[in-house]
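Input: a single structure, listed below in structure tokens.
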2 protein chains.
Amino acid sequence: MGHENGGGSNNSSGDSGATGPVRTLADLARLAGVSTGTVSRALAGKSLVNAETRERIQALAREHGFRPNQMASKLRSKRTGVIGVVIPLGHEKRQHISDPFFLTLLGWLADELTESGYDVMLSRAIPDGTSDWLERITGSGMVDGVLLIGQSDQFEVIEAVASHYRPLVAWGAYREGQVHCAVGTDNIAGGRIAAEHLIASGARSLAFMGETKGIEINERWRGAEAAAQEAGVPIMRIPISLASDDMARQIAEAAQAANRELDGIIAASDLIAMNVLRCLHEKGRAVPGDVQVIGFDDLPLASMTMPPLTTIRQEIAGGAKAMVEKLKALLEGNPAESMKMAPRLVVRGTTKGA
Amino acid sequence: MGHENGGGSNNSSGDSGATGPVRTLADLARLAGVSTGTVSRALAGKSLVNAETRERIQALAREHGFRPNQMASKLRSKRTGVIGVVIPLGHEKRQHISDPFFLTLLGWLADELTESGYDVMLSRAIPDGTSDWLERITGSGMVDGVLLIGQSDQFEVIEAVASHYRPLVAWGAYREGQVHCAVGTDNIAGGRIAAEHLIASGARSLAFMGETKGIEINERWRGAEAAAQEAGVPIMRIPISLASDDMARQIAEAAQAANRELDGIIAASDLIAMNVLRCLHEKGRAVPGDVQVIGFDDLPLASMTMPPLTTIRQEIAGGAKAMVEKLKALLEGNPAESMKMAPRLVVRGTTKGA
DNA sequence: GCAGGAACTGCAAACGTTTGTATGACAACT
DNA sequence: AGTTGTCATACAAACGTTTGCAGTTCCTGC
């Protein structure tokens, strides 16, 4: 391990002529006096090769810092060891991965995947009206499988691709009978819980803040709307773009317009909730005194706002783990069922609690 | 373009027997009645091939949803179009990519890289005492170049690898004469500015909160310490681990121990600052009335705390852009110089301002 | 002492591209 | 008309692995 030079048996300098850098199996084979096939097997640690020879070859490889070319290996073995993680930007024009929910999920996915020995290939995809954005990734032989961070408004495209490309798991909504495997939260229930909590805490006029074009947020809206109607409480919908600079302005305008009446705000995500909080603070409205606010996601930063944010928790870490497990099942040819996780109310300081 | 069937010249159904799925250039070549070489050139859009033939082949490819196998392509052309983005976890045992600074930088890097037509391969590397963690990535022929998100405590390893592997750019510190290209903030200046601002705003007893083993944070500490000494203000150093659950506890303990005297806290990062803020709030100490707090990074979430966080801004987006540009220069064989960006004080609500 | 296995190892054929060179056709110039 | 040149395409050699199959050696049991 420690010193290598000075030992004597090594040929680190001047042996049988200038042995250039060892770049290929063939080079190493020549050095070891065996065939490339044997070297390949030895490095793969297969038992087909004599233990002693294997050790010798591995030592030689280490000494010369040799690493087999992955492209060649992958081409031949038709297995890349790479999972594509794709973020469909969908309707959002702003071309950013920087959304904290995406990043959080990505972090957990990356952890799980590397844990399982996979490499992660990150792609930001901008749907273009065809299914090309996805098939470019699935069909290139570059990845063994694909993980989708969100469905955006591309449900049909994903279905179409999944019908002929098996190893694909998406974070998002599950609709009865869909073919692609999805892991996500029960957003309708989540929306409902949020509205019910607000109403139970005394809110009498609600607003839902979020752009409802994406499937998931649309479901949250529908859940909230249903709960409000059942309770006979008025609820309005205020679309908020996710592009962060617009967001503040839009929220300000919305708050302006609906100034007095509102006393309960359901934000479609924690990110929106944080902006709402700040906006209300600037307007001098007390939270939760004048207005109660509830978020969605329970990102790490939700507990750091002032007051800490009441929110609907999605099990992001658990979901990431499930996504990877299901993908692995699919890669092995086994079926994988979609999974809908129950959302959980986390009461903190922005609602009057129960 | 529009309809293809019914024209007559196409063989989309029933022609010369069941033309199975088109998987290789050879398949397509047979269909088009040309050689694989021509198909390859046609799909690459090279001018060596007759415009008409090229169109025909491209149309055929589209029709059959053919995509050339990337592994084969990359093997042959020795160019992968992939950039490895590596997060060295270094001294931190906790194996998480989820640090918000990392994720923010990663987001920008991914945006810049995909913009330039590169794919992004994400690796979480756990340094193991050797340089293997890095060479495994650089030496595998899997990526064209490597971007390091932070140097952790692996400065020497990075230097060693960079001496024989050119296309490598790191976010982090620049030391006189280093061989690897680094892009980062002048952390010493940043630490100094933070301390000076606190002192100018009336702080008389400072604390620096952060683990100073990593190069960058160590520099921030040195800058702050120097400024404090010059002003004759006492400053203490409180190591804070970055593992988020420990963090809160450690901060609470530290605050306990140094209870009364402290009136100025320099957090080594915004994340730490947010935890400090929350902790102080729980203890009932007013910010900035009793204690002033300043962060470092200016992450998006810095403006969302209550009160909004005064911090030292690093140009993360600009830095990401620079990293990618420098990497591209290196990939083209040109030299690339390290870059040290000036930090900027952003005064918000957690200090008494000036 | 010999047949029948084990246990290893070598050989060579893929994997699916890209690309340098050769070939053929046809136009243009002398 | 012969030569030169251009253009379009075919041919075939890489790229560096993995892996089925076929040897080779050596041992075991009869």
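Here is how names work: the chains are called A, B, and so on, in the same order as the sequence lines, proteins then strands, and each is numbered from 1.
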Checklist entry - Does a side-chain N or O from B:T38 land closer than 4.0 Å to OP1 or OP2 of D:dA10, or not? => result yes

Item to check | Phosphate OP1/OP2 of C:dT18 contacted by B:S40 side-chain N/O (<4.0 Å) | outcome: yes

Item to check | First of A:A44 and B:V34 reached from the 5' end of DNA chain D, by closest nucleotide | outcome: B:V34

Checklist outcome for this item: Considering only heavy side-chain atoms of B:K46, the closest of D:dA10, C:dT9, C:dT19 is C:dT19

Item to check | B:T24 side chain, from C-beta outward: closest of C:dG16, D:dA8, C:dT19 | outcome: C:dG16

How close do [X] and [Y] get, heavy atom to heavy atom, and via which atoms?
| X | Y | result |
| --- | --- | --- |
| A:V169 | A:V183 | CG1-CG2, 4.3 Å |
| B:P167 | B:D144 | CG-O, 3.3 Å |
| A:Y165 | A:G145 | OH-CA, 3.5 Å |
| B:Y118 | B:L331 | OH-CD1, 3.4 Å |

Checklist entry - A:K321 and A:D111: salt bridge (charged side-chain N to carboxylate O under 4.0 Å, His left out), yes or no, with the steps? => result CA-CA 9 Å; A:K321 189 165 209 150; A:D111 282 346; over 6 Å; no

Item to check | A:R136/A:D132 salt bridge by N-O under 4.0 Å criterion | outcome: yes

Checklist entry - Please walk me through it: do B:K74 and B:V82 pass side-chain contact (heavy atoms from CB on, under 4.5 Å)? => result CA-CA 10 Å; B:K74 288 169 180 180; B:V82 177; 3.8 Å; yes

Tabulate atom names and distances for all N/O pairs under 3.5 angstrom spanning the protein and nucleotides 25-27 of chain D.
none

Atom-pair distance ([atom1] on [X]; [atom2] on [N]), nearest Å:
| X | N | atom1 | atom2 | result |
| --- | --- | --- | --- | --- |
| A:R41 | C:dC11 | CZ | C1' | 10 Å |
| A:R67 | D:dT17 | CZ | P | 13 Å |
| B:L25 | C:dC15 | CG | C1' | 13 Å |
| B:R56 | D:dT9 | CZ | C1' | 12 Å |
| B:R54 | D:dT9 | CZ | P | 10 Å |
| B:N50 | D:dT6 | CG | P | 18 Å |
| B:R30 | D:dT9 | CZ | P | 19 Å |
| A:L48 | D:dT18 | CG | C1' | 12 Å |

Next on the checklist: At a heavy-atom distance below 4.0 Å, what parts of residues 68-80 of chain A sit against DNA chain D?
Outcome noted: A:P68, A:N69, A:A72, A:S73, A:R76

Next on the checklist: Applying side-chain contact (heavy atoms from CB on, under 4.5 Å) to B:L147 and B:W171, what does each step give before you reach the verdict?
Outcome noted: CA-CA 8 Å; B:L147 253 24; B:W171 174 276; over 6 Å; no

Next on the checklist: Set out, in order, the CA-CA distance, both residues' side-chain angles and the distance that settles side-chain hydrogen bond (donor to acceptor under 3.5 Å, both in side chains) for B:Q154 and B:W133, then state yes or no.
Outcome noted: CA-CA 11 Å; B:Q154 301 288 309; B:W133 63 272; 3.2 Å; yes

